[in-house]
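To keep things clear, I will list the structure first and then write my remarks on it.
These figures come from a predicted structure and were not determined experimentally. Below, each value reflects all heavy atoms present in this structure, side chains not excepted, and no hydrogens, waters or symmetry copies. For this chain, numbers begin at 1 and follow the sequence in order.
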Amino acid sequence: SEGAMMDNRFATALVIACVLSLISTIYMAASLGTDFWYEYHTLSPAENVSEAGRGIWEEFVSKDADEKTYTDALFRCNGTVGLWRRCITVPKNSHWYSPPETDMTTNCISFSLSDQFAEKYIEPGNHNSGTDLNRTYLWRLQFLLPFVSIGLMCFGALIGLCACACRSLYPAIATGVLHFLAGLCTLGLVGCYVAGIELLHRKLPLPEDVRGEFGWSFCLACVSAPLQFMAAALFIWAARTNRKEFTLLKAYRVA
């Protein structure tokens with residue numbers, strides 16, 4: 001009966017760890033795929049866009065749009081930014097003479113791979129101002145880290161499946177370690193994103209009538225990290241305690 005109780009405890013710990021792992025993977029994937037990492041709220045977006053006509057939108061989507069051009073558009077048109085895409089809200093009927101209260105529509109454009117790895121300049125938009133290494137590497141890291149994190153989680157899940165097939169708890173330690181590393185990557189991603197946004201806003205301060213805030217996609221990534229650490233702790237605890245009790249049981253039987 002002692003053995004059964006022991007097994008139940010480990011089974012429960014492992015089931016909870018697996019559920020936490022699954023939830024954190026879903027959160028991570030959702031935050032990666034959505035565009036609400038950072039949101040700008042413009043108090044008078046419609047008039048702004050009507051004044052400027054189609055110019056803002058055309059500049060925003062053009063391949064040559066530099067960081068200053070698209071950031072200004074984000075400020076002026078209720079922009080949202082994800083890890084992959086940037087979006088602005090513009091009137092459907094984008095003629096400069098249309099009345100301000102037209103229907104609004106949100107249009108998005110993806111960052112290309114070359115955008116993700118492009119250099120950031122000390123003065124955004126000014127190629128002659130030199131490379132801002134901090135912002136360049138923060139941006140590259142925030143692009144790569146979520147993939148490393150999800151990869152580690154999936155690899156951990158594979159090892160976990162093998163452990164179930166072999167009816168052994170030893171691989172659970174490896175799964176735990178991989179989840180811990182995934183948690184560190186997610187924390188790193190969140191840190192890089194916050195630092196990148198802060199540095200950008202120092203160079204391009206928000207206009208007076210614009211408010212910026214972190215969005216729900218960013219919050220999902222923040223919640224994902226502690227879930228990964230909790231799953232890691234449960235995997236490692238179950239494997240280590242089981243190994244200890246198994247050794248004690250063997251010694252007891254031998255005695």
Is [Y] close to [X] at the side-chain level, that is, under 4.5 Å between some pair of heavy atoms?
X	Y	value
W84	L32	yes
S224	L227	no
C18	F235	yes
W237	R9	yes
C185	L152	yes
L187	F229	yes
S217	W37	yes
M230	L234	no

Determine the minimum heavy-atom distance between [X] and [Y], stating which atoms define it.
X	Y	value
A231	S21	CB-N, 4.1 Å
S129	E123	OG-N, 3.0 Å
C108	D35	SG-OD2, 4.2 Å
L206	R211	CD1-C, 4.5 Å
Q116	L83	NE2-O, 2.8 Å
L138	G196	CD1-N, 3.9 Å

State plainly whether one hydrophobic cluster holds both [X] and [Y], where clusters connect Ile, Leu, Val, Met, Phe, Trp and Tyr through side-chain heavy atoms under 4.5 angstrom apart.
X	Y	answer
V148	L181	yes
Y193	Y27	no
Y38	W216	no
L220	L145	no
F36	L189	no

If you count every heavy atom of other residues, nucleotides or ligands that lies below 6.0 Å from [X] atom [atom1], does the total exceed 12?
X	atom1	answer
Y121	OH	yes
F117	CZ	yes
E213	CD	yes
K203	NZ	yes
F180	CZ	no

| message | Check for me whether R140 meets the cation-pi criterion with F143, that is, NZ or CZ under 6.0 Å from the six-membered ring centre and within 45 degrees of the ring axis. | response |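 No, a cation-pi geometry is absent between R140 and F143.
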| Taking T89 as the fixed residue, which of T106, N107, N78 is the one that meets the side-chain hydrogen bond (donor to acceptor under 3.5 Å, both in side chains) rule? |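 Single pass found, and it is T106.
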| said: Can a donor-acceptor pair be found, under 3.5 Å and without considering hydrogens, that links the side chain of S110 to the backbone of R85? | reply: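 Here the side-chain-to-backbone pair does not exist.
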